[in-house]
Structure formats: structure tokens, C-alpha cells
Visitor: 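Have a look at this one before I ask anything.
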Amino acid sequence: MKFSFSAEQEAFRESLRGYLAERSPTKEVRRLMETEAGWEREGWARMNAEMGLAAVRIPEAYGGQGFGFSEQCIMLEEMGRVLLCAPFFASAVLAAGAILQAGTEAQKAALLPGIASGDVVGTLAWVEDSGRWDAEGTTLSAVRDGAGWRLDGHKSFVIDGHTADLIVVLGRTAAGLSLFTVDGAAVSRRAVQGIDPTRKLARLAFAGVPAALLGEDGGAAGPFGRVMTEAAVCLANEMVGGAERLREDALAYAKMRMQFGKVIAGFQSMKHKQADMLMEVELAKSAAYYAAAALDEGDADGAVAASIAKAAASEAYLQTAIHAVQIHGGIGFTWDNETHLWFKRAKASEVMLGDATLHRERMMQAMVEGA
Amino acid sequence: MSEAMGSEAGVRAEVRAWLAENWDPALGLVEWRTRLAHSGWGMPTWPTRWYGREMPEAMVPVIEEEFDQAGAIGVARIGIRTLAAATILAHGTDLQKEKYLLRILTGEDTWCQLFSEPGSGSDVAGAVTRAEFQGNQWVVNGQKVWTTSAHKAHWGLLLARTNWDAPKHRGLSYFIIDMKQPGVSVSPLRQMNGFASFNQVFLTDAIVPPEMIVSTEGDGWTVTNTTLMHERRGADGLRAQPKGSDRPERIYGEERDEIAVALEPYRWYPSRAGRVDLVLPRAIETGAIHDPVVRQEVGKLLVMARCAEFTARRARAAKEQGKPQGPEGSLGKLAASVVARAAARVHTQITGAGALLAGPEAAAGGTVAEILLSVPAVSIAGGTDEIQRNIIAERVLGMPREPSEDTKKPFRDVPRNTVG
Ligand SMILES: Cc1cc2nc3c(=O)[nH]c(=O)nc-3n(C[C@H](O)[C@H](O)[C@H](O)COP(=O)(O)OP(=O)(O)OC[C@H]3O[C@@H](n4cnc5c(N)ncnc54)[C@H](O)[C@@H]3O)c2cc1C
Ligand SMILES: Cc1cc2nc3c(=O)[nH]c(=O)nc-3n(C[C@H](O)[C@H](O)[C@H](O)COP(=O)(O)OP(=O)(O)OC[C@H]3O[C@@H](n4cnc5c(N)ncnc54)[C@H](O)[C@@H]3O)c2cc1C
């Protein structure tokens, strides 16, 4: 299903779109973005009780609903549309993804049900102050301490890192790259001011923080790589949802705003801009959908498809946001107008998990052996 | 799902059985294609009465697979004749369908599209070629231009003005014209890339019999739009030029000949699409791949090209599933043009100083130069990029139509180019 959705998937999307429109109007986004946490336990619990959001992709054996990766990407697209302020990406994509990819059977059984129900909010901490998105930049060190481990070092740009209950941390042991789980409360952490107030970031400091090894000592490289591939595709899908919403809103505005005795939608430069926006967004959507299906179907070129999707979404979302501000004119530059909320998400998402340049280079490396 | 699978398996079995019974490489090409056309397996989505089986679009790839398996040759597909077939099928009389459809499918007849004129290209409806009913026939006078393949064509799809007092779009009629008659004179036009696949066509008291008007007098604009819609849809960059098989039997040789003749005006069309397929191999072969700037440019192009391909496939999948066309279906032509331009730029970067040269000694045997000089056609032919953007904005996005001063008054009072 790389080029179309099943009737069930379309129905799923439709009901989710209706639900999220009601749960996450811009008024609610503005309210939550002004809080330090960026989301609320009560609202998150309610969404999980009503829609089982966090559970969708987690296998039934671990308390989830066992849907595919494509369904998760549909959810992200819809969440991106409304800029949902919730720890879904951190918890259901990053933390659950890392546990699913790296955890032992016992760890999955112990950790995933909490995430699936929404009671436990997790995240993944891998980037450091260097800003490197790959595992090579990891300097945080882990040493054995009796039955457990202790972590020393820091992590940066951690999504929902100051509010998460459970933090999966990438570090180095004598054996190499390894993943750990730590209790969020045991970490010295603070929120940092981000360019996008609808998705909060934190910096974490570790000074002998007790941790449990997730999976195999020195065995994190493979699982971590797969988590990053999945995360890029998830983010790309979230981004095309936001881009489409911006495009539609700008179109609606252009059809309503009058200058020179007619609606600005009647000026050809506006029409051509809108046609280009439609093309850019639809092309990026196609790549995001393709990559989701490629990962679902276990394609060998999944990582290439992921990089294509992230590169396309990074450029299309930001370009759409730039056009959207422009089409709104002076009002588009104001805080009261909604456009800047998506503009900021577009900017942050462009950078998050690697920008278009990085993903093009990754794609080239994968396509051209040794070059 | 299981029902659809069932019918797919059913169709597969049916076409396989029919091929086992009927496909015979010892037949002549036309003889085989005539048999195929009458069976309905050549154009399975067409009406049963006219060489089809009324099958959903989704069965086409299934049937094509079975043809490939059997090594069986399909109906003729190259060129304007496919647009002619679609237009005649939609608007033609039974007599026209009988006279033309079969010979289109067998590949015996070649067609051309006589729309553009020196004074009207984007504004197709501004045609001033005149058709007058004199005695018992239509007499046509005027000039057409950029007519691809007119020098090969047996028949032309002709747009001409039949009423000068009606508003622009309502004074047009659509005809099928015999290109091999004394009143039609074709002279080739050399293009900037050196090829000469389009022509000027002079119509001087050219004759069209009364039964060869398509639809009614004054309804030419509706019919033209059918042709143009099919042309745009076909421009999504997914269709590869057919090659034919190199098997030894005579029928394959005949098909290779038919393809070679039909493809002659289109030899450079892969170049005008930018030859994205050559970019990576050439970057590797030249070592340019190690230049980080070139790598990024190649990466940008490949991302864009893949996105365009995925979008075209989404559009095709929607069509196969019988869903209404979404926005993705209108973007193929514009996207193909953006990709082609980007490809020309990247080919230049990869080739470096070598891009100064043309001809057999130049990069890739001259192909790079041919790409650089052919790509400009892609954003003009079949409707310019600007016109595509207007269409997308108006028909897909529901934005206001272009203001026009010329659609309400009688066409004779409309200002126009002074040419010809
Ligand atoms: C930072 C800032 C400072 C400013 N300071 C001042 C100030 O000190 N004093 C002051 O008087 N104003 C000021 N302005 C207002 C500014 O001049 C207007 O915002 C600007 O002229 C656009 O007008 P508008 O906002 O009404 O947008 P609109 O005119 O509604 O335009 C909306 C969109 O339609 C497009 N559009 C409109 N007409 C056409 C057309 N004919 N053809 C094609 N496209 C068209 C525009 O380009 C734009 O993309 C300021 C604006 C900003 C952002
Ligand atoms: C390789 C090739 C093959 C062709 N084959 C055929 C064929 O087989 N049969 C046939 O009939 N024609 C054919 N054409 C002609 C083609 O359809 C026309 O060239 C095309 O539609 C543009 O028309 P024009 O050349 O008269 O340019 P014009 O219409 O004069 O356009 C000139 C410029 O003005 C712009 N423009 C025009 N109107 C608008 C508008 N409303 N808004 C914004 N910009 C506008 C155009 O985009 C263009 O940039 C072919 C052309 C090429 C290049």
C-alpha cells in the first residue's frame, strides 16, 4: 500500500481528524504552549482513554493495539495538522520505538504497557551539545555499578525531557554504544527555550545517575539506527500534515482578503504561488506515505525512503510556511495570527533529526557504495 | 478485498487462456493486432462494443503482465493517435469509430494534433483557421504550427472556427482531416536542438467531408478539452518509450519497424525530460560524485524526482481504484517540468567544462548537450507551466478565473495578433 490507503485507514484518519479538531483547537495549543511542560497529564490521559493514542502501534502482547507503522504515521500526520501539544512523539515514537527495537522480552513486557496506556511518558535522549544527530557524537559514559549502571555526561535537545517519567538514554560503555533507561526524576534537568513553543526541549545533566541497561551492552548501534529511521518517517508524516493545513489556511485567507477591489486569490502571482505550494506539499506527502509503507513492508531500501521523506518534508514545510506568512501580509507577521505557530513547528522540524542537507547526504551514501 | 482478488485471478486466467489459444508469433503484425482488437484484450477498459471489455482500470496491469509473460505484442500506443482514440471514443459518431479506432490500434494510421496557430498557442480557443460549409463539404483555410509529426500523419485532429459572430469558445468546431490531400501542405520547422519533429501546416481549401466533424458545429471547445485532458494526464513522466522485443520471429521485427517509424519524431523526448536516470551513473563515472556540492545537487534532484514519481503513482493508483481524482492527479506535468529543469542543471555541474561541447565527441556521446538543448521544450509543449499553474489554481484550488476581456463579445471584435 505505498500509493494508497485502505478504506479502513481512510476511516481511521477521518475519525481521528474530527477528534483532534475538537481536542486541539488553536486556542488550546496557545494555552498549552505558554506552560512550561507544554502538555498536561489530564488531557493526555483523557485522549488515551478515549482514543488509545499511545497504544496504537504497540503490539497487543505489550498492552497495545498492534496496528502497523502506517497507522502510526497517519496519526502523526493528523497531529501535525493541529499542532497537538502532547508527548506522543517523545513517548509513543521515540521511547516505545527504542524499547521495541532494543529491549529484551522481559523489558518490553515491563515497560511498554505503561507507555501504551499513557500512564508512563517516555522519551529518548541521544543528542548532546555538539548537535550531532547520529550516534557518533555520543560521549555520555556508562559504568557498571553492582547489578546496575551509572551514567555521567549530558544530553541536549531532548523532546519533553523535563517532563518524561522514563528516559531512554544513549551512552557509551567499554563495550560500545548502549541504551539505558533511567527514571526521569533522578536526572538533573531543565527546560530550554525553543524556537517552537508547541514542542518543548530540555537539557539533561547526568552525574552518576542510576540506570538499567536496555538490551545488550555494546549492542545499541543497530537498534538505534532503526529507531532513527522510523523517527524520521514519523516526523516527515507529521510535517506534511502541518504543511497541508498551512496551505489550506493560506488559500482560505486569499479567497477572503480583498485588495484593489477584488480578492487577492484573483491575482495571478497568488494563484501561481498556491499552485506551487500544492505541488510541493503533495510531492512531500507522497514521499512520506511511501516511506511509511516501505518500513511497514520491511523494504530493504527503507532507510533511503526515510531520508527522501525527511529531506522533502523539511523543504516543503518551511517553504509552505514562508509562503503562508507572505500571503497573509502584515497580519501574517503578528502573534495573534495563527500562521506563526506552524511556521515555528516547520522551522524546528526542519532541523530536528537532521535537515534536508544531512538526509540528502545519507541518501547518497546509501545509494552509492563507497562514494 | 477477497472479492477483488477473486476477480483479478479470474481475469488473469481468462486472458491467459485467450492468449494460449490466440497468440501466434507467426502472424503478421496487423493481422495479430486486428484479432487482438476484436477480442477486447487490447484495450480492456474500453466499451465492449468498441474493442474493449469494460474492465476497471485496476485490471490493466494484470493483463499487461500476462502479455509480457506470453511475449505477446499489444496494440499500438505511440504518439498522438492515443489522444485521437480517446477523443473519438468520447465524442465520435459510430461511423468515425468504425473508420478510425481499429486502424489506430493496429498501428496502420498515424495522427497529428492541429491546435496551435501562429497567433494562438496557450489561448487555443483563439484559433482563426476558418472552416466554411460550402456545397456539401467543409472547406478549411488557415495555418497551424508546432504540429508534431504532421509530416508522418495520415489524419489530423483539427480545431477551426466556424462562427465569427459567436463568442470565442462557442464558434469553434472540431474535425478529422485527411492530411494526405492537395489542400494540406506540411513544412518542417527546425528546433533549437537541431531536430525537426514539429511542422507548419498550411491549409488551403482543404476538404473535410460533412461526416467528419466531431460532435456538433460549435462544440469544438468541449472536444478540444477532452484531448488536452488526456494529453496532460499522459505527461506524468511514468510512461517509458516502448522498445519492442529483439526476438527473431517476423512479427517482432514488424513491431520494431512500426515503433521506429512512430517514434521518429519523439527520439529526443527522453532528453527533454532531463534523463534523470543518467545522473547518478554519470556522477560516478566522472568522479563528480566526490564533490560535496555536486553530491548535494544530485541529492536534491533525486529526492525531487522520486517524489514526483511517487505522486504520479498515487494518481495512477487512485485511478485504478476508481476513486475520484485528487489534487495529485493534476500535478504530474508541472512536476515533470520542474524535475527536467533541475536535471539539466545537474548534468551541467557533473559535466563541467565538457558541457561546452556538443555532438558525438561530447559528453555521453552528445546526450548531455541534447538534454541541455531539449529541456526548454518541456515547459512549453502541451500547455506551458504558467497555464498549468492557472489550471491547478482554478480547477483544483477553486481560485478565481483569469480576467478576460474576450469571452463575451463576438469573436470578430476580439483584438488579436496580426500574423499570417
Ligand atoms: C514589520 C512591519 C512593519 C510595518 N510598519 C508599517 C508602518 O510603519 N506604517 C504603515 O503604514 N504600515 C506598516 N506596515 C504594513 C505594511 O506596509 C503592509 O503590511 C503591507 O503593505 C501589506 O499590506 P497588508 O498587510 O494589508 O497585506 P495585503 O495587501 O492584504 O496583502 C496580502 C497578500 O496579497 C498580496 N497582494 C496584494 N495585492 C496584490 C496584487 N495587486 N498583486 C499581487 N499580489 C497582491 C500581497 O503581496 C500579500 O502577499 C508594516 C508591516 C510590517 C510587517
Ligand atoms: C516540442 C513541441 C511540440 C508541440 N507539439 C504540438 C502539436 O503537436 N500540436 C499543437 O497544436 N501544438 C503543439 N505545440 C505547441 C504548444 O502547445 C504551444 O507552443 C504552447 O501551448 C504555447 O503556445 P505559444 O507557443 O503560442 O506561446 P504563447 O501562448 O504565446 O505563450 C508565450 C508565453 O506567455 C505565457 N502566457 C500565455 N498566456 C498566459 C496566461 N494566461 N497567464 C500567464 N502566462 C501566459 C506562456 O506561458 C508563455 O510563457 C508544441 C510545442 C512544442 C514546444
Side-chain angles (χ1 to χ4, degrees), chain A residues 1-7 10 244 247-248 251 254-255 262-268 270-291 293 304-305 307-316 356-357 359-365 367-371, chain B residues 1 280-281 283-284 287-290 292 294-321 323 326-335 337-339 385-386 388-403:
Chain A
M1 302 293 276
K2 290 198 174 74
F3 306 110
S4 59
F5 292 105
S6 68
E10 308 263 26
E244 182 163 271
R247 182 187 70 66
E248 289 170 2
L251 177 62
K255 287 181 177 176
K262 62 183 201 177
V263 291
I264 58 171
F267 297 119
Q268 196 179 66
M270 290 283 122
K271 291 166 70 177
H272 286 192
K273 202 191 289 295
Q274 289 281 0
D276 286 337
M277 288 164 81
L278 179 72
M279 184 178 76
E280 280 162 24
V281 174
E282 288 300 320
L283 259 58
K285 273 168 68 182
S286 304
Y289 296 168
Y290 179 90
V304 170
S307 280
I308 290 174
K310 180 61 174 59
S314 291
E315 302 221 314
T357 306
H359 280 280
R360 286 192 289 261
E361 177 56 27
R362 280 201 190 149
M363 176 195 75
M364 294 299 291
Q365 279 173 12
M367 287 172 74
V368 188
E369 208 119 343
Chain B
M1 206 66 191
L280 202 53
I284 294 169
I289 193 77
H290 300 295
V294 175
R295 272 171 90 85
Q296 276 297 314
E297 294 302 316
V298 171
K300 263 183 217 168
L301 170 68
L302 295 182
V303 167
M304 203 196 307
R306 292 288 277 165
C307 288
E309 182 201 328
F310 296 155
T311 305
R313 290 195 188 283
R314 265 172 73 207
R316 190 174 283 190
K319 189 168 166 227
E320 282 172 6
Q321 290 163 9
K323 293 185 191 165
E328 70 279 356
S330 327
L331 300 167
K333 186 171 188 308
L334 188 57
S337 161
V338 174
V339 167
D385 280 8
E386 289 76 19
Q388 296 307 314
R389 289 191 175 95
N390 285 351
I391 292 173
I392 292 165
E394 291 169 13
R395 302 202 195 149
V396 182
L397 300 174
M399 298 174 85
R401 298 184 67 87
E402 288 295 289

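To find a chain, count down the sequence lines: A is the first, B the second, and so on, and within it residues start at 1.
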Visitor: Between B:A283, B:A318, B:G398, B:P403, who has the most heavy-atom pairs with chain A when the cutoff is under 4.5 Å?
Guide: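 Between B:A283, B:A318, B:G398, B:P403, the count favours B:G398.
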Visitor: Under a 4.5 Å cut-off applied to non-hydrogen side-chain atoms, are B:L331 and B:I392 in contact?
Guide: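 Yes. Closest side-chain heavy atoms under 4.5 Å.
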Visitor: Determine yes or no for a side-chain-to-main-chain donor-acceptor pair under 3.5 angstrom, with A:R247 supplying the side chain and A:M277 the backbone.
Guide: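 Looks like no, no N/O pair under 3.5 Å.
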Visitor: Does the side-chain hydrogen bond (donor to acceptor under 3.5 Å, both in side chains) test come out yes or no for A:S286 and B:R314, once each step is laid out?
Guide: CA-CA 7 Å; A:S286 304; B:R314 265 172 73 207; 2.8 Å; yes
Visitor: Relative to chain A, which segment of B:L280 carries a heavy atom at a distance below 4.5 Å: side chain, backbone, both, or neither?
Guide: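 Side chain of B:L280 only, per the 4.5 Å heavy-atom cut-off to chain A.
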Visitor: Which answer fits A:M363, side chain, backbone, both or neither, if we ask what part of it has an atom under 4.5 Å from a heavy atom of chain B?
Guide: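 Looking at A:M363, just its side chain touches chain B.
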Visitor: Examine whether an atom of A:F267 lies under 4.5 Å from a heavy atom of chain B, and if so say whether it belongs to the side chain, the backbone or both; otherwise answer neither.
Guide: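 Interface part for A:F267: neither.
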Visitor: With a 4.5 angstrom heavy-atom cut-off, which part of B:R401 approaches chain A: side chain, backbone, both or neither?
Guide: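 Backbone of B:R401 only, per the 4.5 Å heavy-atom cut-off to chain A.
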Visitor: Assess, by modelled atom type and distance only, whether the side chains of A:Q268 and B:E402 contain a donor and an acceptor separated by less than 3.5 Å.
Guide: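 Per modelled atom types, A:Q268 and B:E402 side chains form a pair under 3.5 Å.
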Visitor: Ignoring hydrogens and angles, state whether a donor on the side chain of A:H272 or B:N390 is under 3.5 Å from an acceptor on the partner side chain.
Guide: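 Yes, side-chain donor-acceptor contact under 3.5 Å.
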Visitor: For A:V304, is it the side chain, the backbone, both or neither that has a heavy atom under 4.5 Å from a heavy atom of chain B?
Guide: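 A:V304 has no heavy atom closer than 4.5 Å to chain B.
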Visitor: Between A:I308 and chain B, which part of the residue has a heavy atom less than 4.5 Å away: side chain, backbone, both or neither?
Guide: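 Its backbone and side chain both get close to chain B.
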Visitor: Going by side-chain hydrogen bond (donor to acceptor under 3.5 Å, both in side chains), name the residues that satisfy it together with A:S314, two or more places apart in sequence or in a different chain.
Guide: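 Only A:K310 meet the side-chain hydrogen bond (donor to acceptor under 3.5 Å, both in side chains) criterion with A:S314.
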Visitor: Decide yes or no on salt bridge (charged side-chain N to carboxylate O under 4.0 Å, His left out) for B:R313 and B:E309, but give the supporting numbers first.
Guide: CA-CA 6 Å; B:R313 290 195 188 283; B:E309 182 201 328; 3.2 Å; yes
Visitor: Taking A:S6, A:A275, A:A311 one by one, which has the highest count of heavy-atom pairs under 4.5 Å against chain B?
Guide: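 The candidate making the most pairs under 4.5 Å is A:A275.
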Visitor: In terms of ring plane angle, is the pair A:Y290 and B:F310 parallel, tilted or perpendicular, where the classes change at 30° and 60°?
Guide: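 If you compare the ring of A:Y290 with that of B:F310, the planes turn out parallel.
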Visitor: Identify which part of B:R306 has an atom lying under 4.5 Å from any heavy atom of chain A, answering side chain, backbone, both or neither.
Guide: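 The answer is the side chain of B:R306.
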Visitor: Quick check for you: among A:K271, A:E282, A:M367, which has the greatest number of heavy-atom pairs under 4.5 Å with chain B?
Guide: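 The candidate making the most pairs under 4.5 Å is A:K271.
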Visitor: What part of B:Q321 lies closer than 4.5 angstrom to a heavy atom of chain A: side chain, backbone, both or neither?
Guide: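 Only the side chain of B:Q321 comes within 4.5 Å of chain A.
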Visitor: Just give me the residue among B:A315, B:A308, B:G287 that pairs up with chain A most often, heavy atom to heavy atom, under 4.5 Å.
Guide: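 Top count of heavy-atom pairs under 4.5 Å with chain A: B:A308.
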Visitor: Which atoms of B:K323 come close to chain A, meaning under 4.5 Å heavy atom to heavy atom: side chain ones, backbone ones, both, or neither?
Guide: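 The side chain, not the backbone.
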Visitor: Using the salt bridge (charged side-chain N to carboxylate O under 4.0 Å, His left out) criterion, which residues pair with A:K255? Sequence neighbours excluded.
Guide: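 Here no residue qualifies.
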